[in-house]
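Notes follow once the structure below has been shown.
Here is how names work: the chains are called A, B, and so on, in the same order as the sequence lines, proteins then strands, and each is numbered from 1. Quick caveat, the model's predicted, so the values are computed rather than measured. Scope of the values below: all heavy atoms of this structure, side chains included, with no hydrogens, waters or symmetry mates.
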Amino acid sequence: MFEEIKTSNDGELVINVGPQHPATHGVLHLLITLNGETITKLEPNLGYIHRSIEKMCESLSYRQFIYSTSRMDYLSSHMNNHACAMIVEKGLQVEIPERAEVIRVLISELTRLASHQLWWGAMAMDLGALSPFFYSFREREVITDIMEETCGARLTMNYIVPGGLMADIHPNFVKRVKDFIIQFNSKIDEYDQLVTGNIIFQNRMKNVGYLSPEDAISYGTTGPVARGSGVSCDIRKLYPYSAYNKVKFEEILETGGDSFARYLVRIKEMKQSISIIEQLIDNIPEGDFQAKTKAVLKLPKGEFYQRVETARGELGVYLVSEGGTTPYRIKFRSPGFSNLSALNHMVKGHKIGDLVAIMGTLDLVIPDIDR
Amino acid sequence: MGNEELIVKLQELFPAASIIQGNDWPEISFESGADFLSTIDVLKSDQTLAFDYLFCETCVDWKTHFTMVYHLDSTRFRHNIVLKYKLDRETPEIDSLSFVYRTSEQHEREIFDLFGIIFKGHPNLKRILLTEDWVGYPLRKDYDDPINMIKL
Amino acid sequence: MDVIITEPSTPFPGSVHEVPGGGIVLSTLDDVINWARSNSLWPLVFGTSCCAIEMMSAASAKYDFSRFGFEVARATPRQADVIIIAGTIVNKMAPVLKRLFDQMPDPKYVIAMGACATSGGPFFYNTYSVVKGADHVIPVDVYVAGCPPRPEALLHALITLQEKIKSGLTRDQIRAQFQEDGK
Amino acid sequence: MFSFQNMTQEIHSWLSSLMSETFVMLVEMTIVGILAIALFAFLGLVLVYMERKVAAVIQLRKGPNRVGPFGIFQTSADTLKLVLKEGFMPDNVDKFLYKLAPFVVMITAMLILAPIPFAKGVQIWDINIGVFYLTAISSISVIGILMAGWASNNKYSLLGAMRSGAQIVSYELSAGMAVLSIVVLTGSLNLGDIIASQEDGWWIFKGHIPAWIAFIIYIIAVTAETNRAPFDMAEAESELTGGFHTEYAGMRFALFFLAEYINIFIVCAIGAILFFGGWMPFHIGSWTAFNHVMDFIPSFMWFFGKTFFLIFLIMWFRWTFPRLRVDQLLNLEWKYLLPISIFNLLLMTLVAIKGWHF
């Protein structure tokens, strides 16, 4: 099943990176052609975690299929659930209580923080600094605890359901989130001191993996990857959904286009997420957390599309309904899949060490790519 | 441009196509046989449309035929359309967009992998998610795999 | 510990001298070896999906599996002792997993972490590409339930594996023991 | 101050009274060999344990604490396990070189041990070109790494080995220059003389700024020479999975692992000898009373204390800094460290000639 790989005549070396390789964060397989240490060609080989979620969803009801999406991009499972819940609500034309909308946004932003924290640790680990991983997990565990108290799970929450939320927030939620924000605000500066200002780190990141704005659009990149190239693409800002039109936040744009710009976007995004949480945490409206929906959901015939901004970029859910209790066809436009397609373009002419750094700043989650 | 203006504009440009207002965005549909590449070229290069960003590309199996679905966005004007192209079920072939939108190179490989649609002019059309020796196209409605698939 | 040792099909040629309580040197040496093996389980860096994040959590400061000496995660299978299958195994991955397992030198152990690695979990029905349990591909020593399991569950699994190694029993012997307990 | 020399001489005279000269030498060599190997094993265990504990402290963790009190038997268990692992030889490797490589690395590390004075009067081989011997032998270990990378029939190994070759060859230059600047001050290549010259103060304090520059360059260069993060190009876990030892398992891998830590110990010992006076207690010029108080602390404690402080420094680097890229690594050496160290050597010569040092 592995192709016979030989050294070609012009002295180029073909290397398998993955499926089991510490830098691929999962089971991505990259076939790289090397000239010395310089990469001349890269070909991703996906599907080592292709779990056929799209086929599976065709036989699951509208209440059930959301659970499989938590496992897709597990680091932003709330946003995945949010997209699916919204598309069902759009089909049913259900109005969601204000309280549920605000809590959804709060939870999503906490998830984004947790995801970016993990990315920060994992990226530093890729670059060979092992300690930042432990520092980021220290704060991540606090978020995980908050999630656990309210949603009942640490990672794959399934908290957002069509019609609202699975349950109301825990009485401790508001207080613990506030405590966390106070604690985390000081820690972000610590992150900066430990990694951002480090001269080795800056040399590894700057002028590496340049992606021009035109290429960023053409490759369909979204999220921090595109915003690092100066392309405005934040769905929260451009096509506001849920309670995002009620909060003030900035879309972070960096014009560098290199790995360092993508790094800065994520770091600054964490601060924006905190500001969103700060605006909403004291203003959770009273009321129901769930709209009244039928036990068995039936969507009208038609096609629906919903875009949300996950921690990695734009997640699109395309749903075709034939009027039954299960979707006829469902397509997840995952952010990682498109971001990955730009990798070949970005690494050409760079060293193996840069490949690791660039993949770190792409923040790939392989099950999200393979679905 | 708003959705109504878009529909008017598109009707001017493509009198042969059927254009309706979908749930979110205008939907423009072409029958099989229409010149697809020149359509995309117009949509991308027209100064008032400027659809330069393909954010979703997929296919739907309608049992009698396939429909390719393209979701286009304009990063300049921030308007969207849905473009549909009907394909014959026996010989599903369509022009590849991989030279217009680079992102579609991988998307088309995925659609080839799961639906078996041939993209003419694609630089590297082979299976991406499944193994090379996989038989059949799993997302087609008539796909059946009694060994691996346990039906509920 | 009562262990049923099945009678060999052909009798041992020659006389066997019974040693009361087993040879002290050899049995103690065995204990020492098992002690070393159980306390030095180096995991392979291998995670396919969600469970890998919980595995990372188990490595983080709050759960800290380095206390038991598990923190020496090796990226190459040649130096690893235990492979923690953290996540779903799909048909395309199965040969790779088998190959990774084959590349590890003996003695080697396998932990199936999470529902997917145990049985296919949430991806059991209606999927065409998921292997319904990693034990279809390689032998598994310890199964952990959960989707994903908590880090404590993973720690428990590792401690269970340590106990298994310390007892020095083979898979068949343990099975026989369980059957006896059941009766 | 207590000197071990009396003890060793007594043993020598006692043995000489029993047997002929040849046998005395054989017996003494055996004793020394056993002691060296024991020291090796002990150092390996201690240093690996120390590394894991230092990492744990830096990373807010507890570190190994289940095997024995405070987990002190953790590394013993690891070693025993590695010894008992399956002896593994992948297909299509160059069998002879594959087997030889770990021993080359190991034996090199052992050889360097010879001229190092561990305490007053404890030295295996008092050789008058000690510094020269050290720099010469330490460059052999790269051959072992190249052998391992080539013989493994693995592309990651090959890349790691080639990186390591380029790296060690370049960084040896600045390490050598830094060592030379102390040799210039003392005017002797003998390690015993270098220590003796620091009786009224360590060179790091006596040698003004050039000594500090030399020390910093030395620490950077030896971190690179021992393939430690942030210069662990040869292993580069996140890039090359394991680098040159990707295909090594069990005992052979353990030898590489052990040699790495022994090398750290040796370079830190040399650093301690050159800049911090080796086993020489902390003396200040003519403060006789103070110097006498310091002499009460045994000499081997001074030596090991200084060495372990430097080892801690190198471990601290590893758990803090990200890794350099391979071209940045060579840039750092050839464009910055080497010119600076050449200039520093000139400066040091000037200091030595003019007698500006204390």
Mind ranking C:Ser49, C:Gly47, C:Ala52 by heavy-atom pairs under 4.5 Å with chain A and telling me who comes out on top?
C:Ser49
Check whether A:Glu58 gets within reach of chain C through its side chain, its backbone, both or neither, counting any heavy atom under 4.5 Å.
neither
Out of curiosity, C:Ile89 CD1 to A:Tyr48 OH, how far, rounded to the nearest 0.5 Å?
12.5 Å
Tell me, do C:Met93 and A:Ile49 make a side-chain contact under 4.5 Å, heavy atoms counted?
no
Please classify the contact between A:Ile53 and chain C as side chain, backbone, both or neither, with a heavy-atom cut-off of under 4.5 Å.
side chain
Verify, without hydrogens or angle tests, whether A:Gln20 (side chain) and C:Val45 (backbone) share a donor-acceptor contact under 3.5 angstrom.
yes
Within a strict 4.5 Å, meaning less than it, do heavy atoms of the C:Cys116 and A:Arg71 side chains meet?
no
Can you tell me how far the CE atom of C:Met56 sits from the CZ atom of A:Phe137, to the nearest 0.5 Å?
4.5 Å
At a heavy-atom separation under 4.5 Å, does A:Ile366 approach chain C through its side chain, its backbone, both, or neither?
neither
Heavy-atom pair count under 4.5 Å with chain A, highest-scoring of C:Leu44, C:Leu97, C:Thr48
C:Thr48
Is chain C contacted by the side chain of A:Leu46, its backbone, both, or neither, given a heavy-atom distance below 4.5 Å?
backbone
Measuring heavy-atom distances to chain C, does A:Arg138 have an atom under 4.5 Å in its side chain, in its backbone, in both, or in neither?
neither
Distance (rounded to the nearest 0.5 Å) between C:Arg150 CZ and A:Thr144 OG1:
9.5 Å
Looking at C:Ser57, C:Pro122, C:Ala75, C:Ala94, which has the largest count of heavy-atom pairs under 4.5 Å with chain A?
C:Ser57
Quick check on A:Leu75 against chain C: is it the side chain, the backbone, both or neither that has a heavy atom closer than 4.5 Å?
side chain
Are the side chains of A:His50 and C:Thr88 in touch, meaning some heavy atoms are under 4.5 Å apart?
no
Given a strict heavy-atom distance threshold of 4.5 Å, which part of A:Asn158 is in contact with chain C: side chain, backbone, both, or neither?
neither
Please flag which part of A:Phe133 lies under 4.5 Å from any non-hydrogen atom of chain C: side chain, backbone, both or neither.
side chain
Kindly give the heavy-atom pair with the smallest separation between A:Leu155 and C:Cys50, and that separation in Å.
CD2-O, 3.3 Å
Report yes if some heavy atom in the side chain of A:Met56 is under 4.5 Å from a heavy atom in the side chain of C:Phe123; otherwise report no.
yes
Looking at every heavy atom in both C:Cys147 and A:Thr156, which two are closest together, and how far apart are they?
O-OG1, 3.1 Å
Quick check: are there more than 12 heavy atoms from other residues, nucleotides or ligands sitting under 6.0 Å from OH of C:Tyr125?
no
Find the one option among A:Lys55, A:Arg140, A:Glu148, A:Arg51 whose heavy-atom pairs under 4.5 Å with chain C are most numerous.
A:Arg51
Report the C-alpha distance between C:Lys92 and A:Asp370 in whole Å, list the side-chain angles of each, state the deciding distance to 0.1 Å, and finish with yes or no for salt bridge (charged side-chain N to carboxylate O under 4.0 Å, His left out).
CA-CA 12 Å; C:Lys92 196 174 180 179; A:Asp370 287 353; over 6 Å; no
